[in-house]
Amino acid sequence: MSILKDKVNRIIANIKKGKRDALNELHTATFCHLKVVALNYLADSNDIEDVLQDAYVKAYRYASSADTDKDGYNWLCKIVQHLCYDYNAKRGAADFTDRLSQNTLFYDIEETLIEYSQLYAAIAKLDQSDQEIIYLKHWGDKSLKEIAEIKNMKKSGVYARLLKIFAFLKKELS
């Protein structure tokens, strides 16, 4: 049973009733969590935004058939998971999907999911330039020198920005 079950079930019930803000509420409540799920299933992280957009469209389209007595959040996770498989297949990344089936995935470990969603929420509070720097460093595996060239900064400036970013994130996550 997921930690978001009751909240997501309530939102899905509101979507069924035709409430206007329900889809936005669903997005706000689940986006960071579902982004972590997608990160763990996708071979190409550039597809995350497309997968999540498709997932919310599917959730809205099929909300009328969703069983709100069951876990709506896990239903959303399954939608994301299947879309990731589809995107991987389109990109010829079937071997990536096979490797995933042998590992424990984040959405099965709720504490890890919460930590990652909190991290993404904290990163979202950074300005765009700082988000780009942290993305390049940690997800793009770029060196300080490479980031400096991309961002048209000095290497020492990138280092100083990263220190400030990490201090901010530490404060946000504590």
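Note that these values count all heavy atoms, side chains included, but never hydrogens, waters or copies made by symmetry. In this chain, residues are counted from 1 in sequence order.
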>> So which atom in Lys16 and which in Ala66 form the shortest heavy-atom distance, rounded to 0.1 Å?
In response: NZ-O, 2.6 Å

> Is any side-chain heavy atom of Asp86 closer than 4.5 Å to a side-chain heavy atom of Asp54?
Replying inline: no

>> Holding to ring pair (Phe, Tyr, Trp, His ring centres under 6.0 Å), I want the full list of residues that pass it with His27, two or more places apart in sequence or in another chain.
In response: Phe31, Tyr56

> Looking at Thr30, Leu34, Val36, which one forms a side-chain contact (heavy atoms from CB on, under 4.5 Å) with Cys77?
Replying inline: Leu34

> Of all heavy-atom pairs between Tyr87 and Leu42, which one has the smallest distance, and what is that distance?
Replying inline: CB-CD2, 4.0 Å

> What's the verdict on side chain to side chain contact (heavy atoms under 4.5 Å, CB included) for Leu169 and Ile134, showing C-alpha distance, side-chain angles and the deciding distance?
Replying inline: CA-CA 11 Å; Leu169 293 175; Ile134 198 161; 3.4 Å; yes

> Judged by atom type as modelled, is there a donor-acceptor pair below 3.5 Å linking the side chain of Asn9 to the main-chain atoms of Lys70?
Replying inline: yes

> Atom CD1 of Ile123 and atom CD of Gln131: how far apart are they, to the nearest 0.5 Å?
Replying inline: 7.5 Å

>> Just so I know, are the side chains of Lys155 and Glu149 near enough to count as touching, which here means a heavy-atom distance under 4.5 Å?
In response: no

>> Quick check for you: to the nearest 0.5 Å, what is the distance between Lys58 atom NZ and Leu76 atom CG?
In response: 12.5 Å

> Cluster question for you: counting only ILVMFWY and a side-chain heavy-atom cut-off of under 4.5 Å, with indirect links fine, are Ile79 and Val57 together?
Replying inline: no

> Does the pair Leu126 and Ile133 meet the rule for a side chain to side chain contact (heavy atoms under 4.5 Å, CB included), with working shown?
Replying inline: CA-CA 10 Å; Leu126 296 169; Ile133 290 171; over 6 Å; no

>> Run the side chain to side chain contact (heavy atoms under 4.5 Å, CB included) test on Arg161 and Met153 for me, step by step, so that the C-alpha distance in whole Å, both residues' side-chain angles and the decisive distance to 0.1 Å come before the verdict.
In response: CA-CA 10 Å; Arg161 282 303 316 146; Met153 297 172 66; 3.8 Å; yes

>> Could you check whether any side-chain heavy atom of Glu146 comes within less than 4.5 Å of a side-chain heavy atom of Leu136, counting everything from C-beta outward?
In response: no

> What pairs with Ser64 under side-chain hydrogen bond (donor to acceptor under 3.5 Å, both in side chains), at least two apart in sequence or on another chain?
Replying inline: none

> Residues two or more places apart in sequence or in another chain: which of them pass ring pair (Phe, Tyr, Trp, His ring centres under 6.0 Å) with Phe166?
Replying inline: His138

> Taking atom CD of Glu172 as the centre, does the number of heavy atoms from other residues, nucleotides or ligands within less than 6.0 Å exceed 12?
Replying inline: yes

> Got a second to check how far Leu23's CG is from Ile12's CD1, nearest 0.5 Å?
Replying inline: 10.5 Å

> Closest heavy-atom contact between Val51 and Cys84?
Replying inline: CG1-SG, 3.9 Å

> About how many Å separate CG of Leu52 and CG of Asp47, when rounded to the nearest 0.5 Å?
Replying inline: 10.5 Å

>> Please find the pair of heavy atoms, one from Tyr41 and one from Asn88, that lie closest to each other, and give the distance.
In response: O-ND2, 2.7 Å

> If you take all heavy atoms of Cys32 and Ala121, which pair is closest and at what distance?
Replying inline: SG-N, 3.9 Å

> Is Glu25 paired with Arg10 through a side-chain N to carboxylate O contact shorter than 4.0 Å?
Replying inline: yes

> Is the number of heavy atoms from other residues, nucleotides or ligands under 6.0 Å of Asn152 CG greater than 12?
Replying inline: no

>> Both conditions, 6.0 Å and 45 degrees, for the charged tip of Lys171 above the ring of Phe168: are they met here?
In response: no

> Quick one: CG on Asn14 to NZ on Lys17, what's the gap to the nearest 0.5 Å?
Replying inline: 5.5 Å

> Could you give the distance from CD (Gln128) to CD (Glu132), rounded to the nearest 0.5 Å?
Replying inline: 4.5 Å

>> If I compare all heavy atoms of Leu144 with all of Tyr159, which pair ends up nearest, and what's the gap?
In response: CD1-CD1, 4.0 Å

